[in-house]
Amino acid sequence: MPTKPVKRALFGNAAFQMVAGSELVILEAAEYLISQGWEVYLTAWYFGEPMLSHALTSGLRIIERPDQARPFEYDLVWLQNRLEAVLDYSPSEKEVRSSFFVFAHLDKTWSYAQPGVVAEPLLGQMFIVPSELGVERVVKRGLPAKDVSIYRNPAPAGFEDEEPVPAEQLRRLLIVSNHAPSELVVAQSLLQAAGIEVIHLGVAGDRRHQRVTPEDIISADAVVSIGKTIPYALRARRPVYVYDHFGGPGWLLDDNFATVKARNFSGLCCERRLEAAEIAEELVNGYAKAARQAARREVDPAFCLEKVFAQIFERMKRARTVNQHRKRMASKAVALLAERELAQTAGEFFNWAHHLNSRQ
C-alpha cells in the first residue's frame with residue numbers, strides 16, 4: 001500500500017531572533033504541525049539567537065534567504081512581514097498540487113507588517129489579524145473581508161490545566177514583559193517586600209530571552225502581562241492582571257473581558273496608568289475575585305492552538321492549485337516584478353542593518 005505523502009509547510013518572517021510575539025506565533029504553529037507529522041521550513045532575512053536554536057531544536061529546517069524559498073513546493077505557506085514578493089515561484093520538480101497561503105498581520109504600526117500590494121492579494125486565501133480592530137485596518141488596505149480571520153494567539157495544549165485550584169491569597173506572581181514600565185518594576189519590589197514571590201520573565205527581568213513554559217504559568221497564582229502571554233494564562237485558567245507599557249485595566253474579570261479582548265489584551269482598551277503602590281494594592285486585594293472567575297471560566301476554542309488549526313486545515317481543502325496561482329500571477333506580471341525589486345532592496349537593507357546591530 002503506497003505511503004501517504006508528508007505534508008510540508010513554509011513559514012516566513014523578516015527576522016527570527018528575539019523571543020517575541022511574531023516569532024513565537026510562528027514557532028508554536030510550526031511545532032504543532034511537526035507534532036502532526038509535517039515537515040516544516042522557515043525562512044527570514046535575518047536569523048539570530050536565541051530563536052534560531054529554538055527553531056532547530058524543535059525540528060524546523062532553515063532556508064537562509066527568502067529569495068531561495070520555493071513556495072509552490074509546500075502545502076501551506078504562512079508569511080509575515082512582506083516576504084511574498086521575493087520568493088521563487090519558478091517551476092520545480094518538487095511542486096505540490098495545491099498551495100494554501102496564509103498572511104499574518106500582527107503589528108498595527110510597523111510598515112513591514114502591513115498588507116502587500118500585488119502578490120499578497122493574488123496569492124492569499126486567508127489573512128489573519130489579532131483583533132477586531134485589525135480586521136478593519138487590513139480591509140481598509142484592500143484585503144477581502146470574507147477571508148480575514150482573527151487569530152487570538154492561541155496557546156498550545158501543554159498550557160491546559162483542567163482542574164485549577166486557586167490559592168486563597170496571592171503568593172506567587174509571574175510577570176512577563178520585555179518592556180515593563182517603571183511603576184510595574186517598583187510594584188514588584190513592594191510585593192516582594194510583603195513576602196510575595198515575584199518572577200519577572202523578559203529583557204530586564206530575572207530570566208531573559210527565554211520562552212514562557214506551561215510550568216511557568218501553571219506554577220503561578222497569577223500572571224501580569226499583555227498580548228501574546230494572556231492566552232497561555234487563559235488556557236491554564238490562571239487570573240491575569242493586564243498591565244504593561246501602555247498601562248491597562250488591571251484584573252481581567254467577567255465584566256471587562258470582552259472589552260479587553262477586543263484590543264488583543266494589549267492594555268490599550270483604557271490606557272489607565274497607575275502608581276506602583278496602586279498596582280501592588282490592586283494585585284493583592286483583587287486576587288481572590290479574579291482567581292475564582294478565572295478558574296470557572298470556560299476556555300474559548302479561539303485560544304486553543306490545535307482547535308484553530310483544525311479550522312485552518314478545513315479551509316485548506318479549498319486551496320488553489322499551483323496552476324491557478326500561476327494564471328493569477330501572470331495577469332499582474334509587470335506589477336509583480338516591480339514589487340519584487342522593491343521588496344528585494346528592502347530585505348537586503350533589513351538584513352544589513354541587523355548584521356550591523358549584532359556587531360555593536
Side-chain angles (χ1 to χ4, degrees), residues 19-21 24 106-109 130-131 133 152-153 155 159 166-167 169-194 196-208 210 212 216-295 297 303:
V19 181
L24 289 169
L106 307 177
D107 190 300
K108 70 174 184 177
T109 57
S131 68
L133 287 178
R152 297 195 184 278
N153 291 315
F159 286 90
Q169 60 185 15
L170 181 61
R171 298 168 303 187
R172 193 170 195 271
L173 180 68
L174 176 67
I175 297 174
V176 181
S177 175
N178 283 328
H179 25 60
S182 59
E183 65 268 27
L184 185 55
V185 174
V186 174
Q188 174 180 347
S189 299
L190 295 174
L191 292 167
Q192 289 170 325
I196 296 172
E197 181 183 2
V198 183
I199 298 172
H200 179 185
L201 273 62
V203 170
D206 309 300
R207 286 169 43 196
R208 305 180 182 187
Q210 295 184 26
V212 179
D216 291 327
I217 299 292
I218 293 173
S219 65
D221 294 328
V223 178
V224 177
S225 193
I226 59 170
K228 180 78 175 72
T229 306
I230 305 303
Y232 299 152
L234 293 176
R235 184 136 200 196
R237 292 195 281 177
R238 291 300 185 273
V240 180
Y241 189 87
V242 180
Y243 196 96
D244 208 296
H245 60 302
F246 297 127
W251 285 115
L252 187 62
L253 301 170
D254 293 345
D255 59 4
N256 67 5
F257 192 94
T259 300
V260 182
K261 182 179 75 169
R263 298 301 297 268
N264 191 31
F265 306 106
S266 64
L268 288 169
C269 57
C270 59
E271 300 186 45
R272 185 184 69 131
R273 305 304 295 254
L274 299 176
E275 298 295 327
E278 294 174 309
I279 294 173
E281 182 180 1
E282 283 194 355
L283 281 165
V284 172
N285 294 338
Y287 167 75
K289 178 180 179 180
R292 287 195 303 271
Q293 292 188 6
R297 187 178 295 130
F303 299 121

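Taking both residues in full, the closest heavy atoms of Cys269 and Val260 are given as SG-CG2, 3.9 Å, listed atom of the first, atom of the second, then distance. Of all heavy-atom pairs spanning Leu174 and Ala220, the tightest one is CB-CB, 3.9 Å. Ile226 and His245 make their closest contact through CD1-CE1, 3.8 Å (heavy atoms, listed as atom of the first residue, atom of the second, distance). Closest of all the heavy-atom pairs between Leu191 and Leu283 is CD1-CD1, 3.6 Å. Smallest separation of non-hydrogen atoms from Val198 and Gln188: CG1-CG, 3.5 Å. Smallest separation of non-hydrogen atoms from Ala276 and Ala187: O-CB, 3.5 Å.
Contact check for Pro231 versus Arg152: no side-chain heavy atoms found under the 4.5 Å cut-off. Between Arg292 and Pro166 there is no side-chain heavy-atom pair separated by less than 4.5 Å. Side chains of Leu170 and Tyr241 form no contact here, defined as non-hydrogen atoms less than 4.5 Å apart. Within the 4.5 Å cutoff, the side chain of Tyr243 has heavy atoms near those of the Pro181 side chain. Residues Val223 and Ile230 have side chains not in contact (no heavy-atom distance under 4.5 Å, counting atoms from C-beta outward). With a 4.5 Å cut-off on side-chain heavy atoms, Arg297 and Asp254 count as touching.
A donor-acceptor contact shorter than 3.5 Å links the side chain of Asn256 to the backbone of Trp251. Using modelled atom types, one side-chain atom of Arg272 and one backbone atom of Pro249 make a donor-acceptor pair closer than 3.5 Å. Arg238 places no side-chain N or O within 3.5 Å of a backbone atom of Ala294 that could act as its donor or acceptor partner. Panel note: side chain Ser225, backbone Val176; a donor-acceptor pair is recorded below 3.5 Å. Arg235 places no side-chain N or O within 3.5 Å of a backbone atom of Phe159 that could act as its donor or acceptor partner. Between the side chain of His200 and the backbone N or O of Ser177 there is at least one donor-acceptor pair closer than 3.5 Å.
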Practice task
Would you sort out whether Asn264 and Asn153 count as a side-chain contact (heavy atoms from CB on, under 4.5 Å), showing the intermediate values?
Solution key: CA-CA 9 Å; Asn264 191 31; Asn153 291 315; 3.7 Å; yes

Exercise for the section: Kindly determine whether Leu190 and Glu281 satisfy side-chain contact (heavy atoms from CB on, under 4.5 Å), including the steps that lead there. Expected result: CA-CA 9 Å; Leu190 295 174; Glu281 182 180 1; over 6 Å; no

Practice task
Walk me through it: do Phe265 and Leu252 pass the test side-chain contact (heavy atoms from CB on, under 4.5 Å)?
Solution key: CA-CA 9 Å; Phe265 306 106; Leu252 187 62; 3.9 Å; yes

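Rounding to the nearest 0.5 Å gives a distance of 10.0 Å between CZ of Arg263 and SG of Cys270. To the nearest 0.5 angstrom, Ile217 atom CD1 is 10.0 Å from Leu234 atom CG.
The side-chain contact (heavy atoms from CB on, under 4.5 Å) test applied to Glu275 returns Glu278, not counting sequence neighbours.
Among Ile196, Leu173, Asp221, the one residue that satisfies the side chain to side chain contact (heavy atoms under 4.5 Å, CB included) test with Tyr287 is Asp221.
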